[in-house]
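Report on one structure; see the data block that follows.
Here is how names work: the chains are called A, B, and so on, in the same order as the sequence lines, proteins then strands, and each is numbered from 1.
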Number of protein chains: 2
Amino acid sequence: MAQSKSATPGRGMLADEIADYLSANIRSGAFAHGTKLPTEHSLSEQFGVSRTVVREAISRIKSDGLVTSRQGSGVYVAHSSTRRSFKLGESLVDAADVLALFELRQPLELASARLAAARRTEEHLERIRQAHAAMEDSSDWSEEGVIADLAFHHEIAMATGNGYYADFMAFLGGALQNTIRAARSGSGRPEIKKITISEHARILAAIEQRDPESAAMAMSMHLQGARERMSDKT
Amino acid sequence: MAQSKSATPGRGMLADEIADYLSANIRSGAFAHGTKLPTEHSLSEQFGVSRTVVREAISRIKSDGLVTSRQGSGVYVAHSSTRRSFKLGESLVDAADVLALFELRQPLELASARLAAARRTEEHLERIRQAHAAMEDSSDWSEEGVIADLAFHHEIAMATGNGYYADFMAFLGGALQNTIRAARSGSGRPEIKKITISEHARILAAIEQRDPESAAMAMSMHLQGARERMSDKT
DNA sequence: CACGATTTGTACGTATGTATC
DNA sequence: AGATACATACGTACAAATCGT
């Protein structure tokens, strides 16, 4: 659970370790909401580090909204409704994890395509076209190709006019970027690029025509295809 | 942009201020990826605080995956793909914001209900039933009623077997909790509780019968109703 | 290659607010 | 109500690692 990085212990990981410990115990409910955390002094003794390290760890979970601190009194775990951040584990090496995250992404991509088709402006459409063109221009499959792919999806999310879609899709895309790159770099088959671009073209066409259902359908087929290509690779 | 809390400046907000500053500048692209941040010493001079405060701020954005630090060298902004946290603004007072967030939540709730109906175990079902019962027992509309409502949706998300659904729905639910409570406390009409519970009952029944499409349909009707009740209130 | 300057990591001390006797 | 103990907020000093000269 601790020991998250591969670096030698004692080189900047102390705060990580304690932050993970506190975060896990709060999320699991070991520290109920409203209860007071152990004092910085006792935590520093418990982990055998200085109070500075403990303070940095507490500062992190404080910025996540998990706790609030009151000078002179203590640090108290906040109500779950004040939680302000959604975090991912640092690595998605596990194939099951990647699929699970993909499963979360899918309904959002469908909704994103639907909304974009209904609400897009000419400016949005132009930006989506440019991302699509950038993908065609990229050599198969360079880093810039993957980025252009993600940009295509991101531009669609921005065309929804809903900032939360844009932000969250960008977040998920970034998390999956390494996985996507790995999946593609392995199989150097050039027809994959053609297939992917044609799938994207269908999505683009549906958004051009302001046809929400066709856009969702095209996105659905694209994601299914992407998932299969990921699985094939293994 | 700074000055987020209402507390007197200089009482525990210093790290917040600097963290917000750095975070905003990195997300906006003012600090491109790979570039080195100003040193802790220079930042502490720039803001007129000690290095400790700067370090706490950096510790926060480090835990968000925005930067990585190397001892003896400096702090470098990471590639956007290593971003590990999705954060919300601290307040959702704006009605448009609430609706936008609701729009993000909807497709996820539908997918959550669908998957839960397909994959739920008896244990999951029992926990969903308990949350439903807790809602019926709660006085209309107490704090515990809202919590039971959110728990109902959260248990469904857990029944998907996908931890990301459980985590993210809990996150969104918490963000909307205050809004939901406000929307209900205003209109003290008791029939609202009956309507909400019957909508939930339909979702529960569909999940019991392992009928994904009915579950999604029931969830869709529930969310539409909830949105209308929120708008009526205004 | 070595040494020193710079930078982050850690430890410890001081100031200030809070709660309790 | 005052004093005292204790908790967090903040600052300073030292250690370790890196980089340029």
Backbone of [Y] reached by a side-chain donor or acceptor of [X] within 3.5 Å:
{"X": "A/Asp149", "Y": "A/Gly145", "answer": "no"}
{"X": "B/Ser59", "Y": "B/Arg55", "answer": "no"}
{"X": "B/Ser85", "Y": "B/Lys87", "answer": "no"}
{"X": "A/Asp64", "Y": "A/Leu66", "answer": "no"}
{"X": "B/Thr82", "Y": "B/Gly65", "answer": "yes"}
{"X": "B/Arg83", "Y": "A/Phe171", "answer": "no"}

Determine whether the side chains of B/Arg51 and B/Ser44 contain a donor N or O and an acceptor N or O closer than 3.5 Å. no
So, B/Ser138 and B/Lys193: side-chain donor and acceptor under 3.5 Å apart, yes or no? no
Separation of [X] atom [atom1] from [N] atom [atom2], in whole Å?
{"X": "B/Tyr76", "N": "C/dT6", "atom1": "OH", "atom2": "C1'", "result": "11 Å"}
{"X": "A/Glu40", "N": "C/dG13", "atom1": "CD", "atom2": "P", "result": "16 Å"}
{"X": "B/Leu43", "N": "D/dC10", "atom1": "CG", "atom2": "P", "result": "16 Å"}
{"X": "A/Arg70", "N": "C/dT16", "atom1": "CZ", "atom2": "C1'", "result": "15 Å"}
{"X": "B/Lys36", "N": "D/dA17", "atom1": "NZ", "atom2": "P", "result": "19 Å"}
{"X": "A/Glu17", "N": "C/dT10", "atom1": "CD", "atom2": "P", "result": "11 Å"}
{"X": "A/Gln71", "N": "D/dG11", "atom1": "CD", "atom2": "P", "result": "12 Å"}
{"X": "A/Met13", "N": "C/dG9", "atom1": "CE", "atom2": "C1'", "result": "13 Å"}

Under 4.0 Å between a side-chain N or O of A/Ser69 and OP1 or OP2 of D/dA9? yes
Under a 4.0 Å heavy-atom cutoff, the residues of residues 45-59 of chain A touching DNA chain C are A/Val49, A/Ser50, A/Arg51, A/Thr52, A/Val53
So which protein N/O to nucleotides 2-4 of chain C N/O distances come out below 3.5 Å?
none

Excluding sequence neighbours, so at least two apart, what forms salt bridge (charged side-chain N to carboxylate O under 4.0 Å, His left out) with B/Arg105? B/Glu109
